[in-house]
Number of protein chains: 2
Amino acid sequence: MNKITTIKDIAIALGISTSTVSRILNGKNTSNSKLAEQVLATARELNYQVNTAAKGLRTNKTGMIGIIVPEIGDDFFGSVLSGMEEIADANKYNLLLCQSNESHDKEIELVNSLIACNVEGIVISVSKETQSLDFLNPFLALGKKVVVFDRTLTHPEIPAVIFNDWEGTTMAAEHLIETGHKSFLYVGLDKNLQNNKDRLSGYNQVLSQSNLPLCEEVYLDQWNFTSTDFKEIWNNKYDAIVCFNDVIAARILSIAHEIDLKIPEQASVVGFDNRLYSQYTFPKLTTVEHSTRGMGKHVINLLTSLLNDTEIIPVEMSTELVLRDTTIKR
Amino acid sequence: MNKITTIKDIAIALGISTSTVSRILNGKNTSNSKLAEQVLATARELNYQVNTAAKGLRTNKTGMIGIIVPEIGDDFFGSVLSGMEEIADANKYNLLLCQSNESHDKEIELVNSLIACNVEGIVISVSKETQSLDFLNPFLALGKKVVVFDRTLTHPEIPAVIFNDWEGTTMAAEHLIETGHKSFLYVGLDKNLQNNKDRLSGYNQVLSQSNLPLCEEVYLDQWNFTSTDFKEIWNNKYDAIVCFNDVIAARILSIAHEIDLKIPEQASVVGFDNRLYSQYTFPKLTTVEHSTRGMGKHVINLLTSLLNDTEIIPVEMSTELVLRDTTIKR
DNA sequence: TTGTAAGCGTTATCAG
DNA sequence: CTGATAACGCTTACAA
């Protein structure tokens, strides 16, 4: 079993000191390019890899970022994570991945564990239980940085990255009203999420400008509501069903087949997210698209610029209405 | 800005040595429970968190596992990752997440970066380009452990975790034959993937036992094939279309609406994976389910037992046929 | 049981 | 430019 190569091995091989090796490896010896070449060559030869733990111990820079999301398996977070990894990798940061399983206690535990790992920063999307970001104060007090995204709460020292949800639903509302829709049912997930408020208010704002009644609101468990539940809610009262996200919209389409509710003939349906499967529903789902990978990229950009006082590279986080087959002119 | 608490701070606060603190924190001082209590209390009070980098430097145990997948945003890997995180967390391991973007060069780079982070083990699902696991030999030579999953290649020292894909498609084939299907089209993604061979051979084995012609095979890019492409392939020749996965099956259902191919009346369709959206297609997709989270759990179980010489806790990785509406009796 | 001291791999300081 | 030395936070012989 080989031992791992250290700078000491390189130093011995060339008969020089570890400090010189370290300097050259870090590009801090300007002249003496001949020696530099030798060191680099030997390093390559021995497949030297810096020990980031030792380096971090000395410099207090570990190049690690902690990620806390409620559920990794959720395809929304998966897509955001993918964008995060891309930018982190480009900036030589590593991601330590954790899931809170929607538990606030678990979040607190994870933050401590990330402190233990000496991460430089944390990006987090909070659990449903979480009421405040104050539990991150001990972490901030260490001079570390936090960015909160998607599921956010306000905190004086923590920047938040969210979609402009309001803009997205405004576009959807305008389209629906132009095509003659008059009575809106809004199907949400959790009344208190900031996202929910933004999406709902986008619809309501346009409705009120057009002198139409505001959305009636109903909140359902996205995985478990039944067709009977929905039939009663629907009750032939609405010509537009606007949903918090595509999961809910897809379930409604599925239920519509069961209760013989014709979409889009009897009611139009609009989702939110433009998830992969929204093009596989029948009819194909009209929805609001925003760039989830773009969000992930932006979050890590923001954090790394916080960590290094560098400029933020703008990332497109556009929103647009994707018209498919669940909406129709009335 | 607070400094982080170290064992030194605790030692000073109580007027004892750091070694004593260390021992107590690691549960190595059996008696003198009074002192132990004091240490623990002070640690809690100062919100002490062990510095895992320093600990790892000394003990060569970092508690970190590197994960390399081709694409984090893929919902299959997302789900596997979620299972991994659960077990890793339960065993006090942290996960370092990387994506190869299907590039073998990137994989090599990532392994080096994981060596730099001093991970104890790596779990990897290889890129499409990867032809051999030999690039992991330097890592293995360091006495570290590797487990390969889902997209696997054989290597004398690396255990592989895969689904029993053969079993799954065997069940599907039996069902289709019992319900009177006679001519099979297999739609795959990449002829060389081991998964692909297993799934295909599950179908073919049952067909040959039943004296029916084997599947005709066609391989398509899961995101980009067109309805014209498919119409030509289909050409009214098959009564069963069996697919490598649900993504392909969902696209075929979507295309079927366009080219006026009636599913399941003209042909039955079977997917593989039971992904979330397979219940949102129309008609709802018949598919083979296997536990992706279960796979993730099993992989980390296996790796941690390799690392600690502990026993492997069995995890259910069952396969079953989920009958929905894309198959019919002929 | 306790403290002293050395060392894990690296980098920063300082003297030459 | 280079090398000796100390230090980062922690664990572990070894000695007391």
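First the proteins, then the strands, lettered A, B, ... as listed; each starts at 1. Computed from heavy atoms alone, side chains included, the values below leave out hydrogens, waters and symmetry copies.
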Under a 3.5 Å distance rule, please check whether A:E86 uses its side chain to pair with a backbone N or O of A:K297 as donor and acceptor. no
Derivation and outcome, side-chain contact (heavy atoms from CB on, under 4.5 Å), residues A:I300 and A:N91: CA-CA 9 Å; A:I300 299 297; A:N91 292 39; over 6 Å; no
Ignoring hydrogens and angles, does a donor from either the side chain of A:R58 or the base of C:dT11 sit under 3.5 Å from an acceptor on the other? yes
Exactly one of A:K106, A:E107, A:E102 clears side chain to side chain donor-acceptor pair (under 3.5 Å) with A:H104, and that residue is A:E107
Take the protein atom CG of A:N51 and the nucleotide atom C1' of D:dC10, then report the distance between them rounded to whole Å. 14 Å
What I want to check is whether an N or O donor and acceptor connect the side chain of A:R23 with the base of D:dG3 at under 3.5 Å. yes
Rounded interatomic separation in angstrom, taking CD1 from B:I7 and P from C:dT4: 14 Å
Any donor-acceptor pair under 3.5 Å linking the side-chain atoms of A:E129 with those of A:S103? no
Tell me whether the OP1 or OP2 atom of D:dT11 has a side-chain N or O from B:K55 closer than 4.0 Å. yes
Rounded to the nearest Å, what distance is computed from the CG atom of residue A:L25 to the C1' atom of nucleotide C:dT10? 11 Å
Report the distance from atom CG of A:L142 to atom P of D:dG9, rounded to the nearest whole Å. 11 Å
Does B:K3 have a side-chain nitrogen or oxygen under 4.0 Å from the phosphate oxygens OP1 or OP2 of D:dC8? no
Heavy-atom nearest nucleotide on DNA chain C taken for B:S17 and for B:L57; more 5' hit belongs to B:S17
Under 4.0 Å, counting only non-hydrogen atoms across every strand here, what does B:S19 touch: a base, just sugar-phosphate, or nothing? base
Give the rounded distance in Å between these two atoms: CD1 of A:I10 and P of C:dG9. 13 Å
So, is A:N26 near the phosphate of C:dT11, with a side-chain N or O under 4.0 Å from OP1 or OP2? yes
If you compare every side-chain N and O of A:T20 against the phosphate oxygens of D:dG3 (OP1, OP2), does one of them come in below 4.0 Å? yes
Would you please confirm or rule out a distance under 4.0 Å between OP1 or OP2 of C:dT11 and any side-chain N or O of A:K28? no
Distance-only, no hydrogens or angles: does the B:S127 side chain make a donor-acceptor pair with backbone N or O of B:P70 under 3.5 Å? no
Check whether any side-chain N or O of B:T6 sits under 4.0 Å from OP1 or OP2 of D:dG9, and answer yes or no. no
Whole angstrom value for the distance that separates C1' of D:dT2 from CD of A:Q38: 15 Å
Interatomic distance where CD1 belongs to B:I4 and C1' belongs to D:dG9 [whole Å]: 10 Å
A:Y48 or B:I16, whichever maps to the more 5' nucleotide of DNA chain C: B:I16
Between C:dT2 atom P and B:K34 atom NZ, what is the distance in whole Å? 12 Å
